[in-house]
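To start, the structure itself, in C-alpha coordinates.
Residue numbers count from 1 along this sequence. Remember, predicted model here, so these are calculated numbers, not experimental data.
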Amino acid sequence: MKFIISSSYLLKQLQVLGSVINTNHTLHILDNFLFEVDENQLKISASDLETTVTATLDDVQSTSQASVAISARLLLDTLKTFPDQPLTFVLTDENTIEISSEMGKYVLAYLPGEEFPKAETLEEPSTTILPSSVLATAVSKTIFAAGNDDLRPVMSGVYFNFSPSGVIFVATDAHKLVKYSQTAITSDAETSFIMPKKPLNILKNILASTDTDVRVEFNESNARFSFDNYTLTCRLIDGKYPNYEAVIPKENPNKLEISRTQLLSSVRRVAVFASKTTHQIRLKITGSELNISAEDIDYSNKAEERLTCNYQGDDMQIGFNSKFLIEMLSNLESDTVLLEMSLPNRAGILTPLEGLEDGENILMLVMPVMLNN
(Lines give C-alpha, C1' and ligand atoms only; values in the text may rest on other atoms or scores of the structure.)
Protein backbone atom coordinates (compact mmCIF):
# COMPACT_ATOMS: atom_id res chain seq x y z
CA MET A 1 0.00 0.00 0.00
CA LYS A 2 1.19 3.49 -0.87
CA PHE A 3 -0.63 6.83 -0.85
CA ILE A 4 0.26 10.54 -0.90
CA ILE A 5 -1.71 13.19 1.01
CA SER A 6 -1.33 16.80 2.21
CA SER A 7 -0.14 16.95 5.85
CA SER A 8 -2.43 19.86 6.87
CA TYR A 9 -5.49 18.31 5.18
CA LEU A 10 -4.84 14.99 6.92
CA LEU A 11 -4.28 16.70 10.29
CA LYS A 12 -7.57 18.61 9.99
CA GLN A 13 -9.50 15.38 9.37
CA LEU A 14 -7.73 13.47 12.16
CA GLN A 15 -8.38 16.22 14.72
CA VAL A 16 -12.11 15.89 14.02
CA LEU A 17 -11.98 12.10 14.36
CA GLY A 18 -9.70 12.21 17.40
CA SER A 19 -12.51 13.65 19.56
CA VAL A 20 -14.20 10.22 19.42
CA ILE A 21 -11.30 8.37 21.05
CA ASN A 22 -11.60 7.63 24.79
CA THR A 23 -8.56 7.38 27.06
CA ASN A 24 -10.16 5.02 29.59
CA HIS A 25 -11.07 1.90 27.62
CA THR A 26 -9.73 -1.65 27.70
CA LEU A 27 -9.46 -2.34 23.95
CA HIS A 28 -6.01 -1.34 22.65
CA ILE A 29 -7.25 -1.25 19.05
CA LEU A 30 -9.47 1.76 19.91
CA ASP A 31 -6.33 3.89 20.47
CA ASN A 32 -5.87 3.78 16.68
CA PHE A 33 -7.27 5.34 13.53
CA LEU A 34 -8.42 2.84 10.91
CA PHE A 35 -7.01 3.67 7.46
CA GLU A 36 -8.74 1.95 4.50
CA VAL A 37 -7.28 2.68 1.06
CA ASP A 38 -9.09 1.68 -2.11
CA GLU A 39 -7.69 3.13 -5.35
CA ASN A 40 -7.84 6.95 -5.00
CA GLN A 41 -10.11 6.96 -1.96
CA LEU A 42 -8.98 6.93 1.66
CA LYS A 43 -11.41 6.22 4.51
CA ILE A 44 -10.30 7.04 8.07
CA SER A 45 -12.36 5.95 11.08
CA ALA A 46 -12.23 6.38 14.85
CA SER A 47 -14.45 4.60 17.36
CA ASP A 48 -15.18 4.14 21.07
CA LEU A 49 -17.58 1.20 20.33
CA GLU A 50 -20.64 3.45 21.04
CA THR A 51 -19.79 6.07 18.38
CA THR A 52 -17.90 5.71 15.09
CA VAL A 53 -16.95 8.63 12.84
CA THR A 54 -15.61 8.09 9.32
CA ALA A 55 -14.09 10.67 6.98
CA THR A 56 -13.84 9.82 3.28
CA LEU A 57 -11.00 11.60 1.43
CA ASP A 58 -11.18 11.43 -2.37
CA ASP A 59 -8.19 13.45 -3.51
CA VAL A 60 -5.57 10.88 -2.48
CA GLN A 61 -2.93 9.48 -4.84
CA SER A 62 -2.83 5.72 -4.22
CA THR A 63 -1.67 2.56 -5.94
CA SER A 64 -3.35 -0.28 -4.04
CA GLN A 65 -5.91 -1.55 -1.53
CA ALA A 66 -5.21 -2.05 2.20
CA SER A 67 -6.65 -1.69 5.72
CA VAL A 68 -4.45 -0.83 8.73
CA ALA A 69 -4.87 0.64 12.23
CA ILE A 70 -2.31 3.36 13.15
CA SER A 71 -1.66 4.89 16.58
CA ALA A 72 -3.80 8.03 16.89
CA ARG A 73 -1.56 9.79 19.43
CA LEU A 74 1.66 9.17 17.49
CA LEU A 75 0.15 10.29 14.22
CA LEU A 76 -1.46 13.45 15.63
CA ASP A 77 1.66 14.46 17.58
CA THR A 78 3.78 14.03 14.43
CA LEU A 79 1.44 15.86 12.05
CA LYS A 80 1.11 18.88 14.37
CA THR A 81 4.81 19.64 13.89
CA PHE A 82 4.77 19.70 10.06
CA PRO A 83 4.36 22.74 7.83
CA ASP A 84 1.95 21.99 4.96
CA GLN A 85 3.57 19.52 2.54
CA PRO A 86 2.81 16.22 0.78
CA LEU A 87 3.39 13.09 2.90
CA THR A 88 3.93 9.62 1.43
CA PHE A 89 2.65 6.62 3.42
CA VAL A 90 4.14 3.23 2.44
CA LEU A 91 3.40 -0.17 4.03
CA THR A 92 6.59 -2.19 4.54
CA ASP A 93 7.08 -5.95 4.94
CA GLU A 94 8.03 -5.57 8.65
CA ASN A 95 4.46 -4.74 9.83
CA THR A 96 5.31 -1.04 9.87
CA ILE A 97 4.19 1.99 7.92
CA GLU A 98 6.80 4.46 6.70
CA ILE A 99 5.92 8.16 6.40
CA SER A 100 8.18 10.25 4.18
CA SER A 101 8.21 14.05 4.38
CA GLU A 102 10.49 16.71 2.88
CA MET A 103 12.59 16.55 6.08
CA GLY A 104 12.89 12.83 6.72
CA LYS A 105 11.29 9.45 7.37
CA TYR A 106 9.23 8.15 10.29
CA VAL A 107 8.34 4.52 10.94
CA LEU A 108 5.28 3.44 12.95
CA ALA A 109 4.00 -0.01 13.83
CA TYR A 110 0.47 -0.81 12.71
CA LEU A 111 -2.21 -3.38 13.54
CA PRO A 112 -4.30 -5.31 10.99
CA GLY A 113 -7.41 -3.33 10.00
CA GLU A 114 -9.59 -6.44 10.46
CA GLU A 115 -9.22 -6.11 14.25
CA PHE A 116 -10.89 -2.68 14.25
CA PRO A 117 -14.60 -2.82 15.28
CA LYS A 118 -17.01 -2.16 12.44
CA ALA A 119 -19.67 0.57 12.71
CA GLU A 120 -23.22 -0.72 13.27
CA THR A 121 -25.25 -1.32 10.14
CA LEU A 122 -28.82 0.02 10.32
CA GLU A 123 -31.56 -2.41 9.37
CA GLU A 124 -34.58 -0.74 7.68
CA PRO A 125 -33.90 2.76 9.01
CA SER A 126 -36.26 5.73 8.98
CA THR A 127 -34.74 8.70 7.10
CA THR A 128 -35.04 12.47 7.49
CA ILE A 129 -33.09 15.25 5.75
CA LEU A 130 -32.18 18.29 7.89
CA PRO A 131 -30.29 21.46 6.89
CA SER A 132 -26.98 21.50 8.80
CA SER A 133 -27.75 25.01 10.15
CA VAL A 134 -30.98 23.80 11.79
CA LEU A 135 -29.34 20.72 13.29
CA ALA A 136 -26.32 22.69 14.56
CA THR A 137 -28.55 25.35 16.14
CA ALA A 138 -30.88 22.77 17.68
CA VAL A 139 -27.98 20.87 19.25
CA SER A 140 -26.15 23.95 20.58
CA LYS A 141 -29.36 25.43 22.02
CA THR A 142 -30.39 22.24 23.87
CA ILE A 143 -27.34 20.16 24.79
CA PHE A 144 -26.31 22.27 27.80
CA ALA A 145 -29.65 21.44 29.50
CA ALA A 146 -29.20 17.64 29.30
CA GLY A 147 -28.52 15.86 32.60
CA ASN A 148 -25.53 13.89 33.89
CA ASP A 149 -27.39 11.44 36.12
CA ASP A 150 -26.44 7.82 35.36
CA LEU A 151 -29.59 6.65 37.17
CA ARG A 152 -31.77 8.50 34.64
CA PRO A 153 -30.01 7.83 31.31
CA VAL A 154 -32.93 9.05 29.16
CA MET A 155 -32.39 12.55 30.58
CA SER A 156 -28.66 12.51 29.77
CA GLY A 157 -29.31 13.00 26.06
CA VAL A 158 -31.28 15.16 23.63
CA TYR A 159 -34.73 14.03 22.48
CA PHE A 160 -35.33 14.26 18.70
CA ASN A 161 -38.93 14.25 17.44
CA PHE A 162 -39.78 14.38 13.72
CA SER A 163 -43.42 14.77 12.66
CA PRO A 164 -45.62 16.16 9.84
CA SER A 165 -46.04 19.36 11.91
CA GLY A 166 -42.30 20.01 12.38
CA VAL A 167 -39.15 18.95 14.23
CA ILE A 168 -38.65 19.25 18.00
CA PHE A 169 -35.48 18.88 20.10
CA VAL A 170 -35.71 18.73 23.90
CA ALA A 171 -33.17 18.44 26.72
CA THR A 172 -33.81 18.50 30.48
CA ASP A 173 -32.13 17.58 33.77
CA ALA A 174 -35.32 18.13 35.87
CA HIS A 175 -34.06 21.57 37.01
CA LYS A 176 -34.03 23.21 33.59
CA LEU A 177 -35.55 22.33 30.23
CA VAL A 178 -34.98 23.61 26.69
CA LYS A 179 -37.33 22.96 23.77
CA TYR A 180 -36.23 23.98 20.28
CA SER A 181 -38.72 23.55 17.41
CA GLN A 182 -38.80 24.33 13.69
CA THR A 183 -42.14 23.99 11.88
CA ALA A 184 -40.66 24.72 8.43
CA ILE A 185 -39.06 21.25 8.33
CA THR A 186 -41.42 18.28 8.43
CA SER A 187 -41.37 14.51 8.24
CA ASP A 188 -43.91 12.13 6.66
CA ALA A 189 -44.51 10.19 9.89
CA GLU A 190 -43.99 10.85 13.61
CA THR A 191 -40.77 9.27 14.91
CA SER A 192 -38.44 9.99 17.81
CA PHE A 193 -35.20 8.90 19.49
CA ILE A 194 -32.77 10.04 22.22
CA MET A 195 -29.21 10.98 21.22
CA PRO A 196 -26.31 10.78 23.71
CA LYS A 197 -24.31 13.95 24.41
CA LYS A 198 -20.88 12.80 23.21
CA PRO A 199 -21.78 12.14 19.55
CA LEU A 200 -23.89 15.33 19.55
CA ASN A 201 -20.91 17.41 20.69
CA ILE A 202 -18.78 15.85 17.92
CA LEU A 203 -21.56 16.52 15.40
CA LYS A 204 -21.94 20.14 16.58
CA ASN A 205 -18.20 20.79 16.12
CA ILE A 206 -18.15 19.36 12.57
CA LEU A 207 -21.38 21.12 11.53
CA ALA A 208 -19.94 24.51 12.56
CA SER A 209 -17.82 24.55 9.39
CA THR A 210 -20.30 23.18 6.86
CA ASP A 211 -23.40 24.36 5.03
CA THR A 212 -25.11 21.33 3.60
CA ASP A 213 -28.01 18.95 4.18
CA VAL A 214 -27.60 16.17 6.75
CA ARG A 215 -29.11 12.76 6.08
CA VAL A 216 -30.37 11.31 9.37
CA GLU A 217 -31.07 7.56 9.39
CA PHE A 218 -32.17 5.73 12.53
CA ASN A 219 -33.85 2.63 13.91
CA GLU A 220 -34.65 1.60 17.49
CA SER A 221 -31.03 1.25 18.61
CA ASN A 222 -28.73 3.29 16.31
CA ALA A 223 -28.56 6.50 14.29
CA ARG A 224 -26.36 7.57 11.39
CA PHE A 225 -25.67 11.15 10.26
CA SER A 226 -24.18 11.58 6.75
CA PHE A 227 -23.02 14.87 5.22
CA ASP A 228 -20.07 16.20 3.20
CA ASN A 229 -17.33 13.56 3.56
CA TYR A 230 -18.35 12.49 7.11
CA THR A 231 -20.47 9.70 8.51
CA LEU A 232 -21.24 9.49 12.24
CA THR A 233 -22.88 6.33 13.57
CA CYS A 234 -23.86 6.00 17.22
CA ARG A 235 -25.87 3.93 19.67
CA LEU A 236 -29.05 5.62 20.89
CA ILE A 237 -30.19 5.90 24.51
CA ASP A 238 -32.79 3.23 25.22
CA GLY A 239 -35.93 4.26 27.06
CA LYS A 240 -39.03 6.47 26.96
CA TYR A 241 -38.49 10.22 27.23
CA PRO A 242 -40.48 11.92 30.03
CA ASN A 243 -43.62 13.88 29.15
CA TYR A 244 -41.93 17.29 29.00
CA GLU A 245 -45.10 19.13 27.93
CA ALA A 246 -46.68 18.29 31.31
CA VAL A 247 -44.10 20.37 33.22
CA ILE A 248 -44.39 23.51 31.04
CA PRO A 249 -46.89 25.84 32.80
CA LYS A 250 -49.51 27.09 30.33
CA GLU A 251 -50.93 30.01 32.36
CA ASN A 252 -48.24 32.60 33.12
CA PRO A 253 -49.91 35.98 33.81
CA ASN A 254 -46.74 37.72 35.10
CA LYS A 255 -44.62 38.84 32.13
CA LEU A 256 -41.23 40.54 32.38
CA GLU A 257 -39.54 42.04 29.27
CA ILE A 258 -35.91 43.05 29.68
CA SER A 259 -32.61 43.48 27.83
CA ARG A 260 -30.89 40.08 27.72
CA THR A 261 -27.33 41.43 28.01
CA GLN A 262 -28.29 43.77 30.87
CA LEU A 263 -29.96 40.94 32.80
CA LEU A 264 -27.11 38.52 32.09
CA SER A 265 -24.43 40.99 33.27
CA SER A 266 -26.40 41.81 36.40
CA VAL A 267 -27.02 38.15 37.31
CA ARG A 268 -23.32 37.35 36.74
CA ARG A 269 -22.20 40.13 39.11
CA VAL A 270 -24.74 39.43 41.83
CA ALA A 271 -24.15 35.64 41.62
CA VAL A 272 -20.54 36.17 42.82
CA PHE A 273 -22.03 36.97 46.25
CA ALA A 274 -24.49 34.04 46.33
CA SER A 275 -24.12 30.91 48.46
CA LYS A 276 -21.64 28.52 46.84
CA THR A 277 -23.92 25.57 47.60
CA THR A 278 -27.31 26.87 46.38
CA HIS A 279 -26.19 29.61 43.91
CA GLN A 280 -29.50 31.23 44.82
CA ILE A 281 -30.43 34.70 43.57
CA ARG A 282 -33.67 36.55 44.35
CA LEU A 283 -35.73 38.42 41.74
CA LYS A 284 -38.10 40.98 43.29
CA ILE A 285 -40.36 42.69 40.76
CA THR A 286 -42.48 45.73 41.60
CA GLY A 287 -43.93 47.94 38.88
CA SER A 288 -41.23 48.63 36.29
CA GLU A 289 -38.34 47.82 38.67
CA LEU A 290 -36.49 44.52 38.91
CA ASN A 291 -34.39 44.05 42.03
CA ILE A 292 -31.78 41.25 41.80
CA SER A 293 -30.09 40.21 45.04
CA ALA A 294 -27.99 37.40 46.53
CA GLU A 295 -26.62 36.65 49.98
CA ASP A 296 -24.12 34.20 51.44
CA ILE A 297 -25.03 34.19 55.14
CA ASP A 298 -22.04 32.02 56.12
CA TYR A 299 -19.58 34.68 54.95
CA SER A 300 -21.74 37.85 55.36
CA ASN A 301 -21.49 38.53 51.61
CA LYS A 302 -24.39 40.13 49.80
CA ALA A 303 -25.15 42.13 46.66
CA GLU A 304 -28.14 43.91 45.18
CA GLU A 305 -28.83 45.58 41.83
CA ARG A 306 -31.80 47.45 40.39
CA LEU A 307 -32.82 47.31 36.73
CA THR A 308 -35.69 48.95 34.89
CA CYS A 309 -37.93 46.57 32.98
CA ASN A 310 -41.27 46.30 31.24
CA TYR A 311 -43.45 44.24 33.60
CA GLN A 312 -47.10 43.24 33.51
CA GLY A 313 -48.48 41.33 36.48
CA ASP A 314 -48.61 41.20 40.28
CA ASP A 315 -45.63 42.22 42.42
CA MET A 316 -43.67 39.07 43.20
CA GLN A 317 -40.46 37.57 44.55
CA ILE A 318 -38.98 34.41 43.06
CA GLY A 319 -35.67 32.58 43.55
CA PHE A 320 -33.57 30.91 40.84
CA ASN A 321 -30.27 29.04 40.64
CA SER A 322 -28.01 31.71 39.09
CA LYS A 323 -25.93 29.09 37.20
CA PHE A 324 -29.01 27.90 35.30
CA LEU A 325 -30.15 31.45 34.52
CA ILE A 326 -26.66 32.41 33.25
CA GLU A 327 -26.47 29.29 31.03
CA MET A 328 -29.86 30.01 29.49
CA LEU A 329 -29.28 33.71 28.87
CA SER A 330 -25.84 32.91 27.37
CA ASN A 331 -27.43 30.48 24.91
CA LEU A 332 -29.86 33.04 23.50
CA GLU A 333 -28.93 35.68 20.92
CA SER A 334 -31.91 38.01 21.09
CA ASP A 335 -31.51 41.56 22.45
CA THR A 336 -34.71 41.33 24.50
CA VAL A 337 -36.06 38.34 26.41
CA LEU A 338 -39.41 37.56 27.99
CA LEU A 339 -39.58 35.87 31.41
CA GLU A 340 -43.07 34.53 32.14
CA MET A 341 -44.05 33.44 35.66
CA SER A 342 -47.16 32.44 37.57
CA LEU A 343 -46.23 31.74 41.22
CA PRO A 344 -42.93 31.72 43.19
CA ASN A 345 -43.08 27.89 43.37
CA ARG A 346 -43.83 27.36 39.64
CA ALA A 347 -41.28 27.23 36.80
CA GLY A 348 -40.31 30.38 34.92
CA ILE A 349 -40.41 30.40 31.10
CA LEU A 350 -37.68 32.28 29.22
CA THR A 351 -38.11 33.03 25.49
CA PRO A 352 -36.33 35.32 22.98
CA LEU A 353 -38.41 38.18 21.56
CA GLU A 354 -36.56 38.57 18.25
CA GLY A 355 -33.83 37.08 16.07
CA LEU A 356 -35.68 33.87 15.21
CA GLU A 357 -35.99 32.35 11.72
CA ASP A 358 -39.44 31.64 10.20
CA GLY A 359 -41.01 28.66 12.00
CA GLU A 360 -38.30 28.66 14.69
CA ASN A 361 -39.18 28.63 18.41
CA ILE A 362 -37.05 28.40 21.55
CA LEU A 363 -38.52 27.84 25.00
CA MET A 364 -36.36 27.61 28.11
CA LEU A 365 -37.83 26.55 31.45
CA VAL A 366 -36.10 27.01 34.79
CA MET A 367 -37.36 25.62 38.09
CA PRO A 368 -37.42 28.06 41.04
CA VAL A 369 -35.56 27.54 44.32
CA MET A 370 -37.17 28.03 47.72
CA LEU A 371 -36.36 31.48 49.09
CA ASN A 372 -34.92 31.64 52.59
CA ASN A 373 -36.45 34.80 54.02
Side-chain angles (χ1 to χ4, degrees), residues 1-82 85-101 104-121 196-203 205-206 222-226 228-235:
M1 177 187 93
K2 176 184 176 182
F3 65 90
I4 301 167
I5 191 168
S6 152
S7 61
S8 56
Y9 179 52
L10 180 59
L11 176 62
K12 184 185 169 191
Q13 304 298 323
L14 295 186
Q15 283 174 325
V16 169
L17 302 179
S19 56
V20 182
I21 297 170
N22 273 348
T23 50
N24 54 349
H25 55 72
T26 51
L27 275 179
H28 173 54
I29 191 74
L30 297 178
D31 291 326
N32 296 265
F33 291 122
L34 174 67
F35 279 67
E36 297 172 284
V37 181
D38 188 2
E39 294 181 352
N40 288 333
Q41 191 180 75
L42 169 64
K43 271 188 181 176
I44 311 172
S45 303
S47 177
D48 66 358
L49 291 183
E50 300 278 321
T51 303
T52 302
V53 182
T54 300
T56 304
L57 319 183
D58 289 322
D59 47 355
V60 172
Q61 299 173 40
S62 166
T63 55
S64 58
Q65 202 173 17
S67 170
V68 295
I70 307 172
S71 166
R73 186 184 55 79
L74 258 177
L75 205 48
L76 282 169
D77 288 351
T78 308
L79 290 172
K80 283 174 190 170
T81 65
F82 284 130
Q85 61 182 290
L87 297 178
T88 305
F89 286 69
V90 180
L91 237 61
T92 70
D93 296 332
E94 290 90 43
N95 276 1
T96 58
I97 192 158
E98 186 180 273
I99 306 171
S100 302
S101 74
K105 291 186 177 177
Y106 321 87
V107 178
L108 297 77
Y110 70 82
L111 293 169
E114 299 74 48
E115 293 181 19
F116 200 86
K118 294 277 180 264
E120 289 284 344
T121 52
K197 275 196 284 192
K198 180 179 174 178
L200 278 181
N201 273 315
I202 295 166
L203 201 55
N205 293 336
I206 308 175
N222 295 282
R224 181 167 58 226
F225 297 78
S226 312
D228 287 348
N229 62 316
Y230 294 105
T231 304
L232 182 147
T233 308
C234 71
R235 194 169 296 161

Derivation of the side-chain contact (heavy atoms from CB on, under 4.5 Å) call for Phe225 and Val53: CA-CA 9 Å; Phe225 297 78; Val53 182; over 6 Å; no
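- In this structure, Ser67 OG and Leu34 CG are separated by 4.5 Å, a value rounded to the nearest 0.5 Å.
- Residue pairs meeting the side-chain hydrogen bond (donor to acceptor under 3.5 Å, both in side chains) criterion with at least one member in residues 106-117, sequence neighbours excluded, are Ser101-Tyr106.
- Of the possible polar contacts, one joining the Asp48 side chain to the Thr51 backbone as a donor-acceptor pair under 3.5 Å is found.
- Counting only distance, with no hydrogens or angles, the side chain of Lys198 and the backbone of Val20 share a donor-acceptor pair below 3.5 Å.
- In this structure, Ile44 and Leu57 have side chains that are in contact, with non-hydrogen atoms separated by less than 4.5 Å.
- Listed by chain and residue number, Arg235 satisfy the salt bridge (Lys or Arg N to Asp or Glu O under 4.0 Å) test with Glu50 (two or more places apart in sequence, or in another chain).
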Evaluation steps, side-chain contact (heavy atoms from CB on, under 4.5 Å), between Leu11 and Lys80: CA-CA 7 Å; Leu11 176 62; Lys80 283 174 190 170; 4.1 Å; yes
Steps toward side-chain contact (heavy atoms from CB on, under 4.5 Å) verdict (Phe116, Leu27): CA-CA 10 Å; Phe116 200 86; Leu27 275 179; over 6 Å; no
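- How far OG1 of Thr78 is from CG of Leu108: 6.0 Å, rounded to the nearest 0.5 Å.
- Taking each heavy atom of Val16 and Ser19 in turn, the nearest pair found is O-OG, 2.7 Å.
- Summarising the geometry, atom CG belonging to Asn222 is positioned 8.5 Å from atom OG1 belonging to Thr121; distances are rounded to the nearest 0.5 Å.
- Of the possible donor and acceptor atoms, none in the side chain of Thr96 sits under 3.5 Å from a partner among the backbone N and O of Ala109.
- One distance of note links CG of Asp228 with OG1 of Thr56; it measures 11.0 Å at 0.5 Å rounding.
- Counting only N and O atoms by type, the side chains of Thr52 and Ser47 include a donor and acceptor under 3.5 Å apart.
- Taking CZ of Phe33 as the reference point, atom CG of Leu74 lies at 11.5 Å (rounded to 0.5 Å).
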side-chain contact (heavy atoms from CB on, under 4.5 Å) between Glu98 and Leu91, intermediate numbers included: CA-CA 6 Å; Glu98 186 180 273; Leu91 237 61; over 6 Å; no
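- Side-chain atoms of Asp58 do not come within 3.5 Å of backbone N or O of Gln41 as any donor-acceptor pair.
- When all heavy atoms of Leu79 and Ser7 are compared, the pair lying nearest together is CD2-O, 4.3 Å.
- Nearest heavy-atom pair, Ile29 versus Pro112, reported as atom, atom and distance to 0.1 Å: CD1-O, 4.5 Å.
- Between the side chain of Asn32 and the main chain of His28, a donor-acceptor pair closer than 3.5 Å is present.
- For the atom pair CD of Glu120 and OG1 of Thr233, the computed distance is 9.0 Å after rounding to the nearest 0.5 Å.
- Around NZ of Lys118, the count of heavy atoms belonging to other residues, nucleotides or ligands within 6.0 Å exceeds 12.
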